[in-house]
Protein chains: 2
Amino acid sequence: MAAVRLQDVAKLAGVSMKTVSNVVRDYPHVSPAMRARVEAAIEELGYRPNLSARRLATGRTGMLALAFSDVSLPYFAELARIIAELAGQRGYRLLLEQTNGTIESERAIVSTREAGLVDGVIFQPSRMTSLEIAQHREDVPLVLLGEGPAPLSVDHVMIDNTAAAQEATEHLIGMGRRSIGFVGHEEYDQSTTSKYRLMGFQQALERAGIPVRMELLLSSETISARDAAASVTRALSSGLTFDALVCRDDLAAIGALRAVQDFGLRVPEDVAIIGWDDISMAAFTHPTLSTIAPDTTLIATSALDMLEERIAGFSGLGRHRIAPYSLVARESAPEH
Amino acid sequence: MAAVRLQDVAKLAGVSMKTVSNVVRDYPHVSPAMRARVEAAIEELGYRPNLSARRLATGRTGMLALAFSDVSLPYFAELARIIAELAGQRGYRLLLEQTNGTIESERAIVSTREAGLVDGVIFQPSRMTSLEIAQHREDVPLVLLGEGPAPLSVDHVMIDNTAAAQEATEHLIGMGRRSIGFVGHEEYDQSTTSKYRLMGFQQALERAGIPVRMELLLSSETISARDAAASVTRALSSGLTFDALVCRDDLAAIGALRAVQDFGLRVPEDVAIIGWDDISMAAFTHPTLSTIAPDTTLIATSALDMLEERIAGFSGLGRHRIAPYSLVARESAPEH
DNA sequence: CTGAAAGCGCTTACAG
DNA sequence: CTGAAAGCGCTTACAG
């Protein structure tokens with residue numbers, strides 16, 4: 001069962017390999033008659049070009065890797081959807097790499113053991129520091145997503161997390177809330193995401209002259225509604241009171257929503273809640289969720305633009321792009 | 001910037017290419033001393049094996065494609081997570097292919113224009129019929145997921161959708177509900193998924209001697225909480241009444257939940273609701289969602305098992321495996 | 001284990 | 001456009 005080769009098509013069609021290659025790759029300067037003849041031969045033989053051979057000859061794979069902790073987290077699923085879509089329009093296929101948020105897997109993303117897997121990598125780290133990423137000098141083009149101080153040598157797209165967290169917190173302060181908690185950051189081994197969001201939260205409180213109370217920082221073991229709910233329930237059961245919560249992400253907010261309501265409190269009357277990411281579910285919780293909405297399409301577009309420039313040979317310093325976000329005020333913390 | 005080749009490593013280490021190849025591929029029968037010498041040379045030269053060349057030589061890519069409509073749908077995101085995880089354990093990387101539910105994209109999945117992209121494909125169609133899939137005789141190993149009559153020639157894993165829909169409906173009937181609606185199937189161009197679930201719904205009603213009322217089939221334009229909510233709201237506003245809803249999937253159920261509550265009705269007291277998929281969010285809605293939970297891990301494992309057998313050369317008739325499911329009774333339609 | 005060589009199936013410069 | 005050939009960097013059978 002030897003495969004049909006380009007050469008076989010050329011012979012049957014009575015043309016050169018170059019011509020077949022041109023037809024297969026949709027090279028425009030081929031006469032319609034010639035194209036038809038070649039296509040007939042392709043059809044007759046059932047020829048399909050071998051991508052591995054093409055890649056070896058050209059050095060390009062036509063594939064990009066998208067790496068982050070876990071595609072089942074709604075934000076990442078929605079990010080993957082748009083990146084796969086936009087990458088497809090640019091002629092790339094998308095390889096999915098999940099790190100489960102472990103530092104070992106993240107290191108494996110950055111220090112590829114093998115060449116020729118993908119033309120470029122879009123990577124949202126949750127554990128690696130910018131220093132460590134910078135030290136792994138990488139031959140494959142790389143664009144980083146997400147918060148944290150990216151290394152100067154690497155392209156990076158993010159929203160201004162600290163500013164957004166500050167805005168969310170100020171929104172709650174503007175509602176007259178004074179006992180504001182933060183929900184869902186990791187207890188140990190804090191991710192950079194949580195760190196920057198907590199920082200903005202803290203800054204807003206300080207600006208408003210509200211003391212930061214450590215007991216109102218309700219940490220979570222994992223990024224999930226389950227752990228956030230458990231954490232909020234524990235706090236309420238222990239007699240802690242608060243009138244608003246800033247949540248690390250919408251999953252934490254959904255968990256908080258559930259815990260607060262199960263405790264017999266009303267949202268937003270007793271406790272106002274703001275989430276983060278504007279996952280599609282945020283518009284369908286009960287009550288609906290106010291949340292920080294990053295412009296995911298713009299993040300994806302920026303990342304792909306920069307990656308394509310790197311693939312095309314650009315080798316300047318890292319570009320750091322700030323994407324816009326907005327505060328979407330729904331029922332859980334309405335406009336005031 | 002010529003790449004470092006395996007040959008260069010062999011020369012520096014003073015060994016044969018075969019030995020370097022063995023080390024690189026973790027072939028066991030290499031003495032520790034020899035391995036150390038080769039690894040030192042690899043380190044010194046910064047050698048990384050070229051995957052495109054390996055693939056051309058071996059004919060294997062080490063990659064699988066996972067194809068379905070949209071990774072941002074929670075069920076598919078959770079499926080992708082587990083399949084990527086399990087595939088990784090078996091030494092495969094995962095390529096993501098989204099069809100957006102269009103028949104053209106689905107055809108493209110099945111009739112690959114190119115060879116050497118992946119070793120196998122796991123595909124959950126939403127539009128193509130089994131007949132059409134069977135006609136595209138494909139050289140790349142294929143396993144189908146999801147409902148519908150799969151072609152005899154192709155491997156297939158699914159849960160028994162009709163039985164599950166019947167069980168869900170009977171659960172509601174057992175609660176004493178008699179005006180039961182179905183939410184979220186596509187209005188036109190019905191997917192096979194919706195078709196089989198509707199069928200089970202209908203069978204359960206007929207068995208219980210409850211007439212099927214067409215006006216209680218609340219269709220949706222797309223698979224989303226938004227459209228399901230709109231559809232339920234429309235029904236309620238038009239004066240239609242019902243005391244239970246079977247939903248095509250959890251997104252539809254979440255939309256229905258929201259619409260019913262916004263209309264001032266209580267769940268489950270006034271309207272009981274059952275969803276489908278047991279997405280992780282189902283345990284955190286308000287009230288929590290009763291739902292059909294397919295055994296996703298087993299589905300993924302079966303699919304990968306069969307795919308690996310095909311990749312290894314098995315070419316018998318299609319195997320059709322039925323995976324288990326359970327009805328998870330939460331607050332929206334509690335155990336009775 | 002070594003060493004030299006063929007082969008995987010493309011792309012691409014080359015002379016015509 | 002053709003036709004013959006080199007090259008991409010591996011793997012793998014081969015003789016030793």
Side-chain angles (χ1 to χ4, degrees), chain A residues 1-39 41-42 45-63 91 112-117 119 139-140, chain B residues 1-39 41-42 45-63 91 112-117 119 139-140:
Chain A
M1 62 158 269
V4 179
R5 294 159 307 161
L6 187 143
Q7 203 173 40
D8 306 322
V9 176
K11 191 181 291 176
L12 178 64
V15 301
S16 73
M17 287 172 63
K18 175 71 180 160
T19 303
V20 178
S21 181
N22 285 341
V23 169
V24 162
R25 287 175 301 142
D26 279 326
Y27 181 71
H29 305 296
V30 181
S31 72
M34 186 68 73
R35 180 176 296 276
R37 207 162 91 204
V38 171
E39 277 168 353
I42 288 175
L45 296 174
Y47 170 71
R48 298 187 310 154
N50 182 311
L51 283 183
S52 298
R54 177 183 295 170
R55 286 170 179 158
L56 179 57
T58 61
R60 298 186 70 255
T61 67
M63 303 212 307
T112 331
R113 285 250 142 292
E114 294 149 329
L117 178 64
D119 296 332
D139 341 65
V140 53
Chain B
M1 62 156 268
V4 179
R5 293 159 307 161
L6 187 143
Q7 202 173 39
D8 305 322
V9 176
K11 190 181 291 176
L12 178 65
V15 301
S16 72
M17 287 173 63
K18 175 70 180 161
T19 303
V20 178
S21 181
N22 284 342
V23 169
V24 162
R25 286 176 302 142
D26 278 325
Y27 182 70
H29 305 296
V30 180
S31 73
M34 187 67 76
R35 181 176 295 276
R37 206 162 92 204
V38 171
E39 276 169 354
I42 287 175
L45 295 174
Y47 170 70
R48 299 186 311 153
N50 182 310
L51 283 182
S52 297
R54 177 183 295 171
R55 287 169 178 160
L56 179 56
T58 62
R60 298 186 71 254
T61 66
M63 303 212 308
T112 330
R113 284 252 143 290
E114 293 150 330
L117 178 64
D119 296 333
D139 342 64
V140 52

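Scope of the values below: all heavy atoms of this structure, side chains included, with no hydrogens, waters or symmetry mates. Small disclaimer: the values here were computed from a predicted structure and weren't measured. Order of the sequence lines fixes the chain letters, A, B, ..., with proteins taken first and strands second; residue numbering starts at 1 for each chain.
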Looking at the side chain of M17(A), which of dG9(D), dT11(D), dA5(D) is the nearest nucleotide? dA5(D)
Checking side chain to side chain contact (heavy atoms under 4.5 Å, CB included) for the pair V24(A)/R54(A): CA distance, chi angles, key distance, verdict? CA-CA 11 Å; V24(A) 162; R54(A) 177 183 295 170; 3.3 Å; yes
Once you apply a heavy-atom cut-off of 4.0 Å, does S52(B) come out as touching a base, just sugar-phosphate, or nothing? nothing
Protein-nucleotide distance (N22(B), atom CG; dT12(D), atom C1'), rounded to Å: 11 Å
Roughly how far, to the nearest 0.5 Å, is the CD atom of E114(B) from the CG atom of N50(A)? 10.0 Å
Quick one: on DNA chain C, does A53(B) or T19(B) contact a more 5' nucleotide (nearest heavy atom)? T19(B)
Select base, sugar-phosphate, or nothing to describe what V24(A) touches, counting heavy atoms under 4.0 Å on all strands. nothing
Round to the nearest Å and state the distance from R54(B) atom CZ to dT11(D) atom C1'. 10 Å
Once you round it to whole Å, what is the distance between C1' of dC8(D) and CG of L6(B)? 14 Å
Going by side-chain hydrogen bond (donor to acceptor under 3.5 Å, both in side chains), name the residues that satisfy it together with S16(B), two or more places apart in sequence or in a different chain. T19(B)
Is D8(B) salt-bridged to R5(B), cutoff N-O under 4.0 Å? yes
Examine distances only and state if a side-chain atom of S21(A) and a backbone atom of M17(A) form a donor-acceptor pair shorter than 3.5 Å. no
S16(B) side chain: which of dG9(D), dT2(C), dT2(D) is closest? dT2(C)
Length of the line joining K11(A):NZ and dG3(D):P, which is rounded to integer Å: 12 Å
Any base atoms under 4.0 Å from R25(B), or only sugar-phosphate, or nothing? Heavy atoms, all strands. sugar-phosphate
Whole angstrom value for the distance that separates C1' of dA5(D) from NZ of K18(A): 15 Å
For atom CZ of R55(B) and atom C1' of dC8(C), their distance in whole Å: 14 Å
Does dT11(C) have OP1 or OP2 under 4.0 Å away from a side-chain N or O of S21(A)? yes
Interatomic distance where OH belongs to Y27(A) and P belongs to dA13(C) [whole Å]: 11 Å
Between dG9(D), dT11(C), dA5(C), which nucleotide has the shortest distance from any of its atoms to the side chain of L56(A)? dG9(D)
